[in-house]
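Please read the structure below before turning to the comments.
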Amino acid sequence: MFEARHNMDAPTTTSADDGTPGEGGGWFTPRKPPKGPEDERITTAPEAPENREAREAAAAVAPDIRRASQAPTAPEPRETSQATEPQAPGPPQAAQHRVPPPQAQSTAPPISVQQAKPEGKVSADALLVQRTMAEIEPVADKVTSYFYALLFTRHPDLRALFPAAMDTQRDRILKALLTAAEHIDHTDVLVAYLKNLGRGHRKYGTQAEHYPAVGECLIGSLSRYASATWNEETEAAWVRTYTTISQIMIDAAAEDELRAPAWWFAEVVSHDLRTPDIAVVTVRPDQPYPFLAGQYTSLETPWWPRVWRHYSFASAPRPDGLLSFHVKAVPAGWVSNALVHHARPGDILRLGPATGSMTVDHTTDSGLLCLGGGTGIAPIKALVEDVAEHGRRRPVEVFYGARTDHDLYDIDTMLRLQQSHPWLAVRPIVDQRAQLPDAVREYGPWNEYDAYLSGPPGMIRNGMDALRDIGIPEGRIRHDSVEELVASD
């Protein structure tokens with residue numbers, strides 16, 4: 001139910017097959033039968049685990065859960081609007097929870113994540129949380145396995161919210177929870193990050209009633225594997241931290257429900273295979289879909305229910321409402337291979353809400369320095385179109401990187417844009433070592449430019465270092481990548 005993203009901002013501009021949890025299956029039948037090996041796809045979730053390890057895990061945590069009445073009172077929930085539709089019935093509850101159920105709505109004043117800590121100091125809760133995380137880091141795999149054993153055994157109805165195959169999902173929920181907890185003192189980035197998560201998790205079928213179950217199993221897992229540092233004080237800190245995290249997400253979801261659907265259906269209207277493993281897929285949403293150039297969305301296919309992947313929009317908003325994505329099929333990439341090799345006009349996909357902060361600030365005249373590697377050129381193209389539509393002649397420098405000429409699959413489009421707009425310069429950079437950021441050093445100066453990075457995680461990291469080295473402040477460098485937050489990625 002949780003997913004982690006780069007810079008607390010949840011994006012990926014590389015069209016990579018990064019795993020996220022999904023919603024229950026059976027919501028549609030493709031208009032045309034899928035072709036190839038995916039015909040044997042699983043369309044229903046397997047039964048919840050009933051193995052001995054899971055039963056022992058549930059039994060082991062039960063005494064901890066029963067002590068919930070000793071837990072301190074959680075912070076007051078944030079103020080929010082009331083949802084227009086009733087919530088679905090929640091999962092079966094344990095006898096007592098460590099984590100008090102967050103409220104779906106509240107009339108209390110908004111809380112601040114930083115209220116309890118003096119300016120410039122780390123809060124006591126944050127110190128305890130960080131101590132726990134340091135202890136469990138060497139056994140993160142065991143913590144994750146134990147967490148899911150608890151969750152699916154104690155709350156088997158939640159299994160339907162996750163993909164049938166958990167190999168790409170299993171690390172994400174716990175990492176996202178722990179990452180959010182670690183940043184509990186960083187109000188400016190944490191609240192925005194959690195609101196995005198709360199809104200985005202509507203498409204998975206997440207309800208307010210699900211959060212206590214996750215918190216219960218989180219604390220049960222931590223208390224088992226952080227035994228050297230775990231005590232009542234640490235437990236209380238985690239209860240307060242998780243309650244704050246979940247309440248922000250619940251409030252954001254309730255507010256979003258008043259103005260937007262949980263997901264959009266979208267029909268594939270064209271499928272342009274640019275190379276044997278890269279396709280430009282264009283879809284028509286079933287209702288107006290709001291987004292900004294430079295943002296991204298999550299996408300689910302009929303071939304892999306409950307498996308969502310993230311792709312950047314390859315154009316600015318269009319009058320006809322169509323949306324385009326550049327997709328590269330990657331090894332073992334379920335969604336990317338389905339989109340590249342099996343999707344055809346008439347197939348129906350599902351889209352989550354748009355998000356991401358790699359957008360143009362139209363209140364300034366600063367130039368744009370754009371680095372796009374591989375399919376990372378997709379949002380860069382959208383940014384160029386956005387600048388053109390606003391009619392302001394601000395310089396835009398695009399460095400389009402690839403390992404071979406063959407990988408410059410969209411260079412003709414970019415060169416046509418350059419011919420139409422004298423303020424745009426496009427520089428293809430072909431290098432087997434993929435040293436795109438280094439090429440930027442040969443040009444400039446860039447002190448009057450805002451920088452935009454889009455591509456593989458390694459390019460993002462190298463690009464950040466290169467741009468800082470040539471004098472661009474970090475606050476003027478924008479990028480969206482899933483890699484950073486998940487693995488200090």
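Side chains included, hydrogens not; waters and symmetry mates left out as well; all remaining heavy atoms used. Sequence positions, counted from 1, serve as the residue numbers for this chain.
Applying the side chain to side chain donor-acceptor pair (under 3.5 Å) test to residues at least two apart or on different chains, the pairs with a partner in residues 274-291 are Ser270-Thr282, Asp272-Arg274, Arg274-Asp410, Thr275-Asp277, Thr282-Ser324, Tyr289-Thr297.
There is no side-chain donor-acceptor pair under 3.5 Å between His326 and Tyr311. Defined by atom type and a distance below 3.5 Å, a donor-acceptor pair is present between the side-chain atoms of Thr363 and Asp361.
Expressed to the nearest 0.5 Å, how far NE2 of His479 lies from CZ of Arg461 amounts to 10.5 Å. A distance of 10.5 Å separates CH2 of Trp423 from CD of Gln418, quoted to the nearest 0.5 Å. Atoms CD1 and CG, from Ile278 and Leu339 in turn, are 13.5 Å apart once rounded to the nearest 0.5 Å. Taking CG from Leu349 and CG from Leu299, the interatomic distance works out to 5.0 Å, rounded to the nearest 0.5 Å. With rounding to the nearest 0.5 Å, the separation of SG in Cys370 from CD in Glu397 is 9.5 Å. Note that the CH2 atom of Trp334 and the OG1 atom of Thr301 stand 11.0 Å from one another [nearest 0.5 Å].
For Met249 against Leu197, the heavy-atom pair with the smallest separation is CE-CB, 3.6 Å. Contact detail for Tyr409 and Thr375: the closest heavy-atom pair is OH-CA, 3.3 Å. Pairing each heavy atom of Val335 with each of Trp304, the nearest pair is N-CD1, 4.3 Å. Of all heavy-atom pairs spanning Ala316 and Asp386, the tightest one is CB-N, 4.0 Å. Looking at every heavy atom in both residues, Phe265 comes nearest to Ile348 through CD2-CG2, 4.1 Å. Of all the heavy atoms in Asn196 and Arg199, the pair that sits closest is OD1-NH2, 2.7 Å.
In this structure a side-chain-to-backbone donor-acceptor pair under 3.5 Å is missing from Glu448 to Ser366. Judged by distance alone, the side chain of His210 and the main-chain N or O of Gln207 form a donor-acceptor pair under 3.5 Å. Checked by atom type and distance alone, the side chain of Ser246 pairs as donor or acceptor with a backbone atom of Thr243 at under 3.5 Å. Between the side chain of Ser312 and the main chain of Pro379, no donor-acceptor pair closer than 3.5 Å is present. Remark: the backbone N or O of Trp264 is not paired with any side-chain donor or acceptor of Arg350 at under 3.5 angstrom. Distance alone, capped at 3.5 Å, places no donor-acceptor pair between the Asp465 side chain and the Asn462 backbone. Side-chain atoms of Glu385 do not come within 3.5 Å of backbone N or O of Ala382 as any donor-acceptor pair. In this structure, the side chain of Lys203 engages the main chain of Gly200 through a donor-acceptor pair within 3.5 Å.
With contacts defined as side-chain heavy-atom distances shorter than 4.5 Å, the pair Thr364/Asp450 qualifies. Side-chain atoms of Thr413 and Leu415, non-hydrogen and from C-beta on, never get closer than 4.5 Å to each other. Considering only heavy atoms from C-beta on, Arg403 stays 4.5 Å or farther from Val430 through its side chain. Between Val307 and Glu300 there is no side-chain heavy-atom pair separated by less than 4.5 Å. Between Val268 and Arg344 there is no side-chain heavy-atom pair separated by less than 4.5 Å. Taking the side chain as every heavy atom from C-beta outward, Val360 and Tyr452 approach each other to under 4.5 Å. You'll find the side chain of Lys142 stays beyond 4.5 Å of the side chain of Ser221, heavy atoms only.
Between Asp365 and Arg394 there is no salt bridge, since no side-chain nitrogen of the basic residue lies less than 4.0 Å from a carboxylate oxygen of the acidic one. For the pair Arg131 and Glu135, the salt-bridge criterion is not met [side-chain N within less than 4.0 Å of a carboxylate O].
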message = Working note: Asn447 + Ile472, criterion side-chain contact (heavy atoms from CB on, under 4.5 Å); need CA distance, chi angles, decisive distance, verdict.
response = CA-CA 6 Å; Asn447 54 304; Ile472 299 180; over 6 Å; no
message = The test is salt bridge (Lys or Arg N to Asp or Glu O under 4.0 Å); show your working for Asp256 and Arg202 and say whether it passes.
response = CA-CA 9 Å; Asp256 190 60; Arg202 291 181 58 213; 2.8 Å; yes
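Judged as a side chain to side chain donor-acceptor pair (under 3.5 Å), and not counting sequence neighbours, Tyr225 has no contacts. For His362, the ring pair (Phe, Tyr, Trp, His ring centres under 6.0 Å) partners at least two apart in sequence or on another chain are His390.
In this structure, Arg427 satisfies the cation-pi test against Tyr443, with its NZ or CZ atom closer than 6.0 Å to the six-membered ring centre and inside 45 degrees of the ring normal.
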